[in-house]
Protein chains: 2
Amino acid sequence: MVTLEDVARHAGVSLATASRVLNGSTRQVGASLRARVEQAAQQLGYRTNVAAQTLARGASNVVGLVVHDLTDPYFAALADGAMRVAEDQGLMVMVATTHRDPEREIAYVATLNAQRVRAVLLAGSRIANPGVTRRLREELDRYRATGGRIACVGQDLLGADTVAPGNAEGAAELARALAGLGHRRFAVLAGPPWLITAQDRVSGFTGALAELGLPAPQLVHGTFDRDGGYGAAAEVTDATCVFAVNDVMAVGALASFRDRGIRVPEDVSVAGFDDIATLRDLVPSLTTVRLPLSDMGARALELALDPSEEAREPRVERVSGEVVLRGSTRGLTPEG
Amino acid sequence: MVTLEDVARHAGVSLATASRVLNGSTRQVGASLRARVEQAAQQLGYRTNVAAQTLARGASNVVGLVVHDLTDPYFAALADGAMRVAEDQGLMVMVATTHRDPEREIAYVATLNAQRVRAVLLAGSRIANPGVTRRLREELDRYRATGGRIACVGQDLLGADTVAPGNAEGAAELARALAGLGHRRFAVLAGPPWLITAQDRVSGFTGALAELGLPAPQLVHGTFDRDGGYGAAAEVTDATCVFAVNDVMAVGALASFRDRGIRVPEDVSVAGFDDIATLRDLVPSLTTVRLPLSDMGARALELALDPSEEAREPRVERVSGEVVLRGSTRGLTPEG
DNA sequence: GACCTCCTGGAAAACGATTGCCAATCTTGC
DNA sequence: GCAAGATTGGCAATCGTTTTCCAGGAGGTC
């Protein structure tokens, strides 16, 4: 293992000079020594020991990203955006997946704190569990107390900079659009009752229906993934339009209807939420609410890294979804 | 920032004892001291400084994962598998995306080397560029020379442990299955000419056709993603069956045909490769070759971590794909 | 020519852990 | 009651950098 000292000796300079040449410094080093050091490093195949560097500098070049599930395209898109800005800033990204276990989320924050990462990004819905949320906040406070920066994508529940998708507003907008198509009897595939993202989408949707004087939709709970949508769709009775609180669940719902010979959109309309890129080529194409996921991930990391953060109120940036009507929903004649 | 020394002082013990209590050691510590130390750590909110630990131990708890594109479900699935075993082993995963730029892949290996990660996983196709491959191997050798472990998912071209999908074999099997359905005139959406994964799938496919005495398929190159499939499909002339070298391209091809009023599978059959989970609910459902992606990622990390690796020939584990015939391909009558 | 400043190079003290070695205490068998 | 062995605690060296401080030389000004 070749160390900086080896390089320095080989180049006939001091450790300090070698360090200044190889790992950025404000100090200048004369051209001839600089060349000698660089050549020595090259010849010896020197690679900075980042652990030592981190220790000495007291700051690492790593950011942490905590997601629920990387195979969910929602999180993959967020991660992609965050990694884009990380690369621009010369940072590496440590990714942790909780598989929707909030305990693991807390544990990972502790681990990332131990790693002294520059920033932690928490992506994905909070859950309605005060105890867990409190313990998570404690862990985050501990991290913050030592200079750690935090940003979330999702609900503004952690007292940190947040990129907050307009879940309720988007769902409400969607409800109005669907009502505009003539639908009156709705069902909502609502996901797990404790997932706040799901809650918000449900309440935005039902709230807008109520405002329009329409009957409350049938609520069917289930998991937040494809199979949850598939299962919940089977319990829908008597609706002309089904809103799945995310696209992946909508895909499950489509499959369920197809398997049972129910045609979409002729017999029932289906809408989702997120506008997952991989699913844009579905047939029928999915009516949904578009979220700029990659940009949201990128923005969250920017917020976390922005040094103007000192001793200020947490910033919350709302990003609004855009309703995209596509083939999975159809207009109803008034008597339809 | 609370350090181990703070904890030791607060507990009235030496640094050594505190270290032994808090960060695993072979040495035992008496129950009463142990309790005192644990309580002090708890009260002070101590978190190990991993950088210092890594420096002192000379080994880190991080593995590196280099992928082409995390939003590609292929890589997301591999990453998920790898992260599963990482979690089992108490390791963190540093993920880097090259966005298909081989120079960046080399740079990331250097960076991960600097991080002294335990192992590096290189996922994704190698490219047919001897110069780049040579420089990558040099960088890998440098890493290996200092005890780094390496594994790849893809071609066995780097002299490292490899999980090698049977691209050629799978494609050949697929060709035989499609020929068995009665198809004679094929087109292949071949991806980029320099991508070895694409090459292998193309050559496996065309090789099998040749063995069957069938005419050579039309080859259309393009990018390895959805848009590449979409564009390439437009150039297909006179084929009853189109093989896209991966599922995501196949989705693009389906979209292209649909946009042009060409029915799948009635007018043309379409097949892909990989069996991406997110795409299983497509209509028509995609005939493809299933690869156990998550397990492959997991296995690759296991290989890299397996200590029996000492001074041995690199291991190559072949994993074979399984042809899955679905609705996007149909049988032809002999005169069809 | 003296004095001051600016620039560059090096010696050495951190940074926060781990661990080899030594010493003290405790068991245990006789 | 004692020696041998097993445990347990602590001192201090070590890991590979960064960075502060100091010194010497170059260049500029009066």
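Within every chain, numbering begins at 1; the chains are lettered A, B, ... in the order of the sequence lines, protein sequences first and strands thereafter.
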Practice task
State, to 0.1 Å, how close A/V66 and A/Y108 come at their nearest heavy-atom pair, and which atoms those are.
Solution key: CG2-CB, 4.4 Å

Problem - Angle between terminal axes - the helix from C/dG1-D/dC30 to C/dC30-D/dG1, 5 pairs each end, rounded to 10° - result: 30°

Handout entry: Whether B/Y46 side chain and B/E38 backbone form a donor-acceptor pair below 3.5 Å
Key = no

Fill in the blank from the handout: Here the ring pair (Phe, Tyr, Trp, His ring centres under 6.0 Å) pairs for residues 73-95 of chain A, sequence neighbours left out, are A/H68-A/F75

Problem - B/G30 or B/R57, whichever maps to the more 5' nucleotide of DNA chain D - result: B/G30

Handout entry: Options C/dT8, C/dT18, C/dG16, nucleotide nearest the side-chain atoms of B/L15
Key = C/dT18

Problem - Check ion pair B/R84-B/D295 (N to O, under 4.0 angstrom) - result: yes

Problem - Residues A/T71, B/D80; criterion side-chain hydrogen bond (donor to acceptor under 3.5 Å, both in side chains); working and verdict - result: CA-CA 7 Å; A/T71 63; B/D80 188 61; 5.0 Å; no

Exercise for the section: May I ask you to verify if any side-chain N or O of B/Q53 is less than 4.0 angstrom from the OP1 or OP2 atom of C/dT18? Expected result: yes

Practice task
Quick one: closest heavy-atom pair of A/V93 and A/M83, and the distance?
Solution key: CG2-CG, 4.0 Å

Fill in the blank from the handout: Per atom distances to the A/V13 side chain, the nearest of C/dT8, C/dG10, C/dG9 is C/dG10

Exercise for the section: Specify the separation, in whole Å, of atom CD of A/Q28 and atom P of C/dG10. Expected result: 15 Å

Problem - Atom pair CZ/CZ of B/R116 and A/R47 - distance to nearest 0.5 Å - result: 9.5 Å

Practice task
Return yes if some donor-acceptor pair links the side-chain N/O of B/R137 with the main-chain N/O of B/L157 below 3.5 Å, else return no.
Solution key: yes

Fill in the blank from the handout: Applying side-chain hydrogen bond (donor to acceptor under 3.5 Å, both in side chains) to B/S14 and not counting sequence neighbours gives B/T17

Exercise for the section: Report yes if at least one side-chain N or O of A/T17 is closer than 4.0 Å to OP1 or OP2 of C/dG10; otherwise report no. Expected result: yes

Exercise for the section: Please check the phosphate of C/dG16 (OP1 and OP2 only) for any side-chain N or O of B/T3 closer than 4.0 Å. Expected result: no

Handout entry: Any donor-acceptor pair under 3.5 Å from A/T3 side chain to A/E5 backbone
Key = yes

Practice task
Flag the pair B/R299 and B/E302 as a salt bridge only when some basic side-chain nitrogen lies within less than 4.0 angstrom of an acidic carboxylate oxygen.
Solution key: yes

Fill in the blank from the handout: The correct set of residues in residues 33-51 of chain B placing a heavy atom under 4.0 Å from DNA chain D is B/L33

Problem - Heavy-atom closest contact (A/A76 atom, B/L70 atom, distance) - result: CB-O, 3.7 Å

Exercise for the section: Using the heavy-atom set of chain A and a strict 4.0 Å cut-off, write down the first and last nucleotide of DNA chain D that makes it in, 5' to 3'. Expected result: D/dG16 to D/dC21

Exercise for the section: Indicate yes or no: does B/R142 engage B/E139 in a salt bridge with an N to O separation below 4.0 Å. Expected result: yes

Practice task
Using a heavy-atom cut-off of under 4.0 Å over every strand shown, decide if A/S19 touches base, sugar-phosphate, or nothing.
Solution key: base

Completion exercise
B/S/- along nucleotides 21-27 of chain C (protein heavy atoms under 4.0 Å) is B------

